A.B. asks: 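To start, I am sharing the structure in question, which I have written as structure tokens.
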Number of protein chains: 2
Amino acid sequence: MRFVSSFKRGELVAEAGSTILSEGTHSPHLYTVLSGWAFRFKTLPDGRRQILNYLLPGDLLGLQGSIMGEMEHSVEALTTMVLCVFQRDKLDSLFEGHPGLGFDVTWIAAQEERMLDEHLLSLGRRTALERAAYLLAFLHSRAEGLGKISDKLLHIPVTQQHVADTLGLSIVHTNKTLRKLAEKGLIQWLDRSCEIVDAEGLRELADWEKPRERKRPLI
Amino acid sequence: MRFVSSFKRGELVAEAGSTILSEGTHSPHLYTVLSGWAFRFKTLPDGRRQILNYLLPGDLLGLQGSIMGEMEHSVEALTTMVLCVFQRDKLDSLFEGHPGLGFDVTWIAAQEERMLDEHLLSLGRRTALERAAYLLAFLHSRAEGLGKISDKLLHIPVTQQHVADTLGLSIVHTNKTLRKLAEKGLIQWLDRSCEIVDAEGLRELADWEKPRERKRPLI
DNA sequence: CGCTGGTTTGACTCAACTCAATCTCTGTGG
DNA sequence: CCACAGAGATTGAGTTGAGTCAAACCAGCG
């Protein structure tokens, strides 16, 4: 991890299930995920929830709040997490003093945009089964990119409610859809987590290609 | 518009309907929209298309390609457009030499991310009628932010096929949905364009709040 | 031992899709 | 000047994917 002397730094540990940032809030911080899983989401006034994306080690958290003042989404931890804390008001001085890091922040933002584009394609144009396959393949691919997998199977720490809120489906239908994936031998559902059995099979079903590995900047 | 001496510059005029960037392509350019409307989209191998977002004056186009090498989506013009052309390989030197501009690029990227978040919420959790209302209110709000509206009504230059591909619906159902909005007196459908009659009513129906106006950097 | 949160299942309903025609422009060639 | 072709918009009929409701199941835990 690079050292940025002009930043005040600290670490934050968040429990699974805890809310790290809330929509409508002005957080003075910007975070980098050091370990653990989380997700970003928005809710409609009547309570309908949509998960926007997942956060894994290396991801930035709270950039929007830093740039636009107010958070437009919330973030909740799926597992225990360790975060690296930055002062958000120092962001422009980072661009001044460390243009390379400024570029890296933009790189990460562009990366996030690419993921959101794929999620949109999925929500808009894939069937429920394809969507589920895509989501799990996507999460598998992200974890793989972090070297978290090695030879053993990946366990994704989500409930079916999380999957439903990501795919834009009801829990009941999500359950039936995941069951189909399990029957095809692609996944196995465990107690509040999903084991990826055949990532390649999921990708094929969703007609999705794993993105090429890119050098990820470490901030 | 700010002048950036270290960049080679030029202007590009694109016809309505022309493809400006293609998925899978390596474009040597990065653009800024000076005038006109366009949209970004992705397609599944079997042809299903999803529109990701719309581009209006002030938006960046091709940042992903600049940062990640290959375009992951395509861009097509809805009207005649004028674009300002930059050399993409100069991007990191921009961060070096003009940190303020580097920050602005990140600002624009964060803004785009915010819009995609809202689209995701819409696709995942809103009904067809709410989705259509949201989309039109959103486009109205964007045009309004550019001062394009004044006292007269806004005409959005899209076909029902575009709306369908944005909302993730079939054309037939999109047609029936737009008809309902017209019957409520919120819009009027014209020849390949939509006139916004009651933007506030659309926002209410979608339960969506217009984002606060933010100072937009001009690159 | 009885909660509670998460998962499963079945029955019924409804929103959205497909198929198939029709209609209306607009531009074009004879 | 008219006929025809093609793109976009409409409409109706029948089908189906996904939602709702409701009940049951299951494991961990105070």
Side-chain angles (χ1 to χ4, degrees), chain A residues 15-18 39 44 46-51 76 78-79 122-136 155-183 187-195 205-206, chain B residues 15-18 39 44 46-51 76 78-79 122-136 155-183 187-195 205-206:
Chain A
E15 299 292 308
S18 66
F39 63 95
L44 251 11
D46 68 3
R48 283 174 279 177
R49 179 174 81 165
Q50 177 64 39
I51 294 182
E76 191 177 314
L78 283 169
T79 66
S122 213
L123 273 189
R125 291 306 186 195
R126 276 195 250 252
T127 66
L129 194 67
E130 291 169 340
R131 250 182 269 179
Y134 158 73
L135 173 64
L136 298 171
H155 285 199
I156 298 175
V158 291
T159 65
Q160 298 194 352
Q161 182 68 66
H162 290 125
V163 176
D165 286 345
T166 309
L167 304 182
L169 300 171
S170 68
I171 332 172
V172 173
H173 195 58
T174 298
N175 178 281
K176 289 167 183 167
T177 303
L178 289 172
R179 180 143 306 284
K180 283 184 196 161
L181 289 181
E183 276 160 15
I187 65 166
Q188 186 166 358
W189 196 268
L190 310 171
D191 178 48
R192 65 199 69 194
S193 94
C194 176
E195 177 177 285
L205 176 49
Chain B
E15 299 291 308
S18 66
F39 62 96
L44 252 11
D46 68 2
R48 284 174 278 178
R49 177 175 81 164
Q50 177 64 39
I51 294 183
E76 191 177 314
L78 284 168
T79 65
S122 213
L123 273 188
R125 291 306 187 194
R126 276 195 251 252
T127 64
L129 193 66
E130 292 169 339
R131 251 183 268 179
Y134 158 73
L135 172 63
L136 298 172
H155 285 199
I156 299 175
V158 291
T159 66
Q160 297 194 352
Q161 183 68 65
H162 290 123
V163 175
D165 286 346
T166 309
L167 304 183
L169 300 172
S170 67
I171 333 173
V172 173
H173 197 241
T174 298
N175 179 281
K176 289 168 183 167
T177 303
L178 289 172
R179 180 143 306 284
K180 283 184 196 161
L181 289 181
E183 277 160 15
I187 65 167
Q188 186 166 358
W189 196 268
L190 310 171
D191 178 49
R192 65 198 71 195
S193 94
C194 175
E195 176 178 285
L205 175 49

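Heavy-atom basis, side chains included; hydrogens, waters and symmetry copies ignored. We name chains A, B, ... by the order of the sequence lines, and we start the count at 1 in each one. Here the structure is a predicted model, which means the values were calculated and not measured.
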A.B. asks: With the side chain counted from C-beta on, respond yes when A:Val163 and A:Thr177 share a heavy-atom pair under 4.5 Å apart, and no when they do not.
C.D. replies: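 The answer is no, as the side chains (C-beta and beyond) never meet within the 4.5 Å cut-off.
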A.B. asks: Heavy-atom distance under 4.5 Å between the side chains of A:His162 and A:Thr159, does that happen here?
C.D. replies: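 They are in side-chain contact.
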A.B. asks: Which listed nucleotide (C:dT9, D:dA9, D:dG19) is nearest to the side chain of A:Val172?
C.D. replies: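 The listed nucleotide nearest to A:Val172's side chain is C:dT9.
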A.B. asks: Would you indicate what B:Thr159 reaches in the nucleic acid, counting non-hydrogen atoms under 4.0 angstrom: base, sugar-phosphate, or nothing?
C.D. replies: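 Sugar-phosphate only.
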A.B. asks: Give the C-alpha distance, both sets of side-chain angles, the deciding distance and a yes or no for side-chain contact (heavy atoms from CB on, under 4.5 Å) between A:Leu178 and A:Leu136.
C.D. replies: CA-CA 10 Å; A:Leu178 289 172; A:Leu136 298 171; 4.1 Å; yes
A.B. asks: Send over the distance from B:Ile171 CD1 to D:dA9 P, rounded to a whole Å.
C.D. replies: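 Answer to the nearest Å: 9 Å.
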A.B. asks: Side-chain contact test, heavy atoms from C-beta onward, threshold under 4.5 Å: evaluate it for A:Arg125 versus B:Asp165 and give yes or no.
C.D. replies: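 Counting from C-beta outward, A:Arg125 and B:Asp165 do come under 4.5 Å.
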A.B. asks: Could you tell me how far apart A:Arg179 (CZ) and C:dT8 (P) are, to the nearest whole angstrom?
C.D. replies: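 Value for this atom pair: 5 Å.
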A.B. asks: Heavy atoms from C-beta onward define the side chain here; which of D:dA18, D:dT11, D:dA22 lies closest to that of A:Ala128?
C.D. replies: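 Shortest atom-to-atom distance from the side chain points to D:dA18.
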A.B. asks: Could you tell me the separation between the NE2 atom of A:His162 and the P atom of C:dG5, rounded to a whole number of Å?
C.D. replies: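 Computing the A:His162:NE2 to C:dG5:P distance gives 14 Å.
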A.B. asks: Of B:Leu129 and B:Arg192, whose closest DNA chain C nucleotide lies nearer the 5' terminus?
C.D. replies: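 Counting from the 5' end, the first nearest nucleotide belongs to B:Leu129.
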A.B. asks: If I take atom CG in residue B:Asn175 and atom P in nucleotide D:dT10, what distance separates them, rounded to the nearest angstrom?
C.D. replies: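 Atom-to-atom, B:Asn175 to D:dT10, this comes out as 5 Å.
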A.B. asks: The side chain of B:Leu169 lies closest to which of these nucleotides: D:dA18, C:dC17, D:dT20?
C.D. replies: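 Comparing D:dA18, C:dC17, D:dT20 against the side chain of B:Leu169, the answer is C:dC17.
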A.B. asks: Check the distance between D:dA18's P and B:Arg125's CZ and give it to me in whole angstrom.
C.D. replies: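 Distance check: B:Arg125 CZ to D:dA18 P gives 13 Å.
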A.B. asks: Start at the 5' end of DNA chain C and walk down; is the nucleotide closest to A:Leu190 or to A:Lys176 reached first?
C.D. replies: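 The residue mapped nearer the 5' terminus is A:Leu190.
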A.B. asks: Which part of the nucleic acid does B:Gly17 contact within heavy-atom distance under 4.0 Å: base, sugar-phosphate only, or nothing?
C.D. replies: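 No contact at all - B:Gly17 keeps every heavy atom at 4.0 Å or more from the nucleic acid.
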A.B. asks: Does A:Gln160 have a side-chain nitrogen or oxygen under 4.0 Å from the phosphate oxygens OP1 or OP2 of C:dT8?
C.D. replies: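 Result: yes.
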A.B. asks: Could you state the atom-to-atom distance from CZ of B:Arg131 to C1' of C:dA16 in whole Å?
C.D. replies: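 So the two atoms are 9 Å apart, to the nearest Å.
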A.B. asks: Give the rounded distance in Å between these two atoms: NZ of B:Lys180 and P of D:dT10.
C.D. replies: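 The distance from NZ of B:Lys180 to P of D:dT10 comes to 15 Å, rounded to the nearest Å.
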A.B. asks: So which nucleotide from C:dT7, C:dA16, D:dA22 ends up closest to the side chain of B:His173?
C.D. replies: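 Nucleotide nearest to B:His173's side chain: C:dA16.
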A.B. asks: Within the structure provided, determine whether A:Leu135 and A:Arg131 are in side-chain contact (heavy-atom separation under 4.5 Å).
C.D. replies: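 Sidechains of A:Arg131 and A:Leu135: no contact.
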A.B. asks: In whole angstrom, what separates A:Arg48's CZ from D:dG19's C1'?
C.D. replies: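 Atom CZ in A:Arg48 sits about 13 Å away from atom C1' in D:dG19.
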